[in-house]
Amino acid sequence: MDTIRYYDIRLVNGTTASVQIENGAVENAGTSYFGKALIRVLGKKGWGYACVSPFDMDNEKEKRAAVERAAHLAELAAVPADIADVPYGTPRVWNASAKEQAARPLEEKTADLLTLEHAAKLPGIVATTARYAEMYQDVRFEDSNGYEAESSVCRTLYTVTAVAAKNSDMQMNYEQDAVVGPLRVTDYIAKAESCAKTALALLDAEAVPGGKMSAVLDPAIGGVFAHEAVGHASEGDQVRDGVSVLGPRLGEQVGSKLVTIIDDPSMHGYGYEPFDAEGVAAGPCELIKQGVVNKFMHSRETLAAVGLDTGEAGHARAEPGMQPLVRMSNTYIKEGDASYDEILETCRNGILLIGSRGGQVDPGRGVFQFNAKYGYRIENGETTQMLRDVSLSGDILSVLHNIALCGKERRMSSGMCGKGQNVPVSDGAPHVYLTEATVGGAGNA
């Protein structure tokens, strides 16, 4: 059709396996198949979409019919669109199919998970849960330029939670890991025991003193800051729509020169994508480089709207059958040269925040509030009393300027990110020292 400027087809299919255990009982265990194909057509006015069965894509007649349906819808589009002409690049491919994982019977995986959950049943623990999930996803991409790409990725995760109780007080803790490739939950028995011990310790933890103070962020909550506060504000659609505090600051010094924050879809983390939902391969994108707003993450559409000099395509992601959105993948604060002991000694008196229980961010206003799992007082350069109900809040730019040390060792945490669609991501950091932070009890900072 002469009204078609461009089209692409993204076919995704695969299988999932999951097990859920509560208090020693298997609540559910099973496998399922998923598969969808999205045809996306750019017409004279804008985008048109058609979602069909992946089996239709093996039939040329059905494929042409789906493209024509999407083209008709494109003629009705109310929002104009364009795409940037960018190189597809060469996808970095990791061995992530994990065939040996798929070959293990679900009964064996269930038995392993029961063992993991049982390890968290220490005296004083009144409730435990454990979850295991794996997903095998095959992607096939083709477009009207004759470009084709294929990938096969396995993702695996476990979560264990423990609830401790004493009198009328109850405290919960969780441990989770998620990887690209195989994962054996029996390798994490010590994590389940540690999860329960922390929940029990929280029963005797003190309430956190609120106010402004020096703070040290552990890699988990430092990674949450990188993802939530900086990552979302660096997404090309937020910049295009004028709802990013970083959008007008390209090339501007917005933080300490010690701070470099990177998003890398090619990294072997939970957010790994050999190529994005537009077929474009991407590598490390330095969002903040030595404290300067350096680049934004883009799809081909947002790059065309904002300008080729603002960042890189290769950051469009989508659930099966859904339209691509600009999303993060593996986002982290780059390591520095400080040891953990040096960071505590420099902080001297303050608070160490550990882990993440979620939070919220407004990338347009540049403010955030995150809840840590727990924390410790730092007194005379050493950690002392355990603290609970700990939160960190503030504005993004102030925190970036207040980063005074970054540790030598980075760790990543994994999970799912929601932005209308859920996609797997990871984030991380070294230990990070803030000269000043606003700390308070969870939910009321």
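In this chain, residues are counted from 1 in sequence order. Note: hydrogens, waters and symmetry copies are ignored here, and every other heavy atom, side chains too, is used.
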Tell me whether [X] contacts the main-chain N or O of [Y] through its side chain, where contact means a donor paired with an acceptor under 3.5 Å.
{"X": "S391", "Y": "N371", "result": "no"}
{"X": "Q137", "Y": "G14", "result": "no"}
{"X": "Y433", "Y": "L344", "result": "no"}
{"X": "T198", "Y": "S194", "result": "yes"}
{"X": "D276", "Y": "A316", "result": "yes"}
{"X": "N402", "Y": "S398", "result": "yes"}
{"X": "W94", "Y": "S266", "result": "yes"}

[X] and [Y] ion-paired at < 4.0 Å:
{"X": "R388", "Y": "D204", "result": "no"}
{"X": "D112", "Y": "R104", "result": "yes"}
{"X": "E206", "Y": "R377", "result": "yes"}
{"X": "K295", "Y": "E312", "result": "yes"}
{"X": "K373", "Y": "D389", "result": "no"}
{"X": "R40", "Y": "D143", "result": "no"}

Residues [X] and [Y]: side-chain donor-acceptor under 3.5 angstrom:
{"X": "D341", "Y": "S339", "value": "no"}
{"X": "E379", "Y": "T384", "value": "yes"}
{"X": "T129", "Y": "T161", "value": "yes"}
{"X": "K121", "Y": "T128", "value": "yes"}
{"X": "D263", "Y": "T331", "value": "yes"}
{"X": "T31", "Y": "T15", "value": "no"}
{"X": "Y132", "Y": "E134", "value": "yes"}
{"X": "S426", "Y": "N330", "value": "yes"}
{"X": "T310", "Y": "H298", "value": "yes"}

Looking at every heavy atom in both [X] and [Y], which two are closest together, and how far apart are they?
{"X": "L246", "Y": "V230", "value": "CD1-O, 4.1 Å"}
{"X": "N294", "Y": "E286", "value": "ND2-O, 2.9 Å"}
{"X": "L387", "Y": "A207", "value": "CD2-O, 4.0 Å"}
{"X": "A429", "Y": "G222", "value": "CB-C, 3.7 Å"}
{"X": "L106", "Y": "A17", "value": "CD1-CB, 4.3 Å"}
{"X": "S152", "Y": "D138", "value": "OG-OD1, 2.7 Å"}

Open item on the list: Classify the ring geometry of Y340 against H431: parallel below 30°, tilted from 30° to 60°, perpendicular beyond 60°.
Closed with: tilted
Is the shortest heavy-atom distance from the side chain of [X] to the side chain of [Y] under 4.5 Å?
{"X": "E273", "Y": "S329", "value": "no"}
{"X": "E319", "Y": "N422", "value": "yes"}
{"X": "E342", "Y": "T346", "value": "yes"}
{"X": "M57", "Y": "R140", "value": "yes"}
{"X": "R317", "Y": "Q421", "value": "no"}
{"X": "S214", "Y": "C347", "value": "yes"}
{"X": "R327", "Y": "H315", "value": "no"}
{"X": "N145", "Y": "Y6", "value": "yes"}

TODO: Using side-chain contact (heavy atoms from CB on, under 4.5 Å) as the criterion, list what pairs up with A220, not counting sequence neighbours.
DONE: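 Only D218, S413 meet the side-chain contact (heavy atoms from CB on, under 4.5 Å) criterion with A220.
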- [ ] Quick one: list whatever passes side-chain contact (heavy atoms from CB on, under 4.5 Å) with L114, sequence neighbours left out.
- [x] I21, V26, T110
Atom pairs and distances, donor-acceptor, side-chain atoms in residues 175-182, under 3.5 Å, two or more places apart:
from, atom 1, to, atom 2, distance (Å)
Q176, OE1, T159, OG1, 3.0
Q176, NE2, S414, O, 2.7
D177, OD2, Y188, OH, 3.2

Open item on the list: Could you go through M297 and L287, starting from their C-alpha distance and side-chain angles, then the distance that decides it, and tell me whether this counts as side-chain contact (heavy atoms from CB on, under 4.5 Å)?
Closed with: CA-CA 8 Å; M297 295 169 284; L287 310 176; 3.7 Å; yes
Open item on the list: Would T115 and T186 count as a side-chain hydrogen bond (donor to acceptor under 3.5 Å, both in side chains) here? Give the steps.
Closed with: CA-CA 7 Å; T115 300; T186 48; over 6 Å; no
Task: Single hit among L400, L405, I403 for side chain to side chain contact (heavy atoms under 4.5 Å, CB included) with L434 - done: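 For L434, the side chain to side chain contact (heavy atoms under 4.5 Å, CB included) test succeeds with only one of L400, L405, I403, which is I403.
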Task: Point-to-point distance, once rounded to the nearest 0.5 Å, from OG of S18 to CE of M135 - done: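 Here the interatomic distance stands at 12.0 Å.
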Task: Quiz item: cation-pi between R155 and Y272, 6.0 Å / 45° - done: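 Ring-cation test returns no.
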Open item on the list: Taking the six-membered ring of Y332 as reference, does the cationic atom of R410 (NZ for Lys, CZ for Arg) lie under 6.0 Å from its centre and within 45° of its axis?
Closed with: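 Yes, cation above the ring, under 6.0 Å and within 45°.
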Open item on the list: As a quick check of understanding, evaluate salt bridge (charged side-chain N to carboxylate O under 4.0 Å, His left out) for R10 and E142, giving each step before the final call.
Closed with: CA-CA 7 Å; R10 182 173 184 262; E142 62 181 83; over 6 Å; no
Task: Evaluation steps, side-chain contact (heavy atoms from CB on, under 4.5 Å), between F225 and D427 - done: CA-CA 9 Å; F225 174 78; D427 53 55; over 6 Å; no
Just wondering, are more than 12 heavy atoms of other shown residues or ligands nearer than 6.0 Å to [atom1] in [X]?
{"X": "K289", "atom1": "NZ", "result": "no"}
{"X": "N59", "atom1": "CG", "result": "yes"}
{"X": "E382", "atom1": "CD", "result": "no"}

Open item on the list: Using side-chain contact (heavy atoms from CB on, under 4.5 Å), reason through Y49 and I39 one step at a time and then give a plain yes or no.
Closed with: CA-CA 6 Å; Y49 303 92; I39 294 88; over 6 Å; no
- [ ] Indicate, with yes or no, if the rings of F368 and F370 have centres closer together than 6.0 Å.
- [x] yes
Open item on the list: For F141 and I9: C-alpha separation, side-chain torsions, deciding distance, then whether side-chain contact (heavy atoms from CB on, under 4.5 Å) applies.
Closed with: CA-CA 6 Å; F141 179 90; I9 300 171; over 6 Å; no
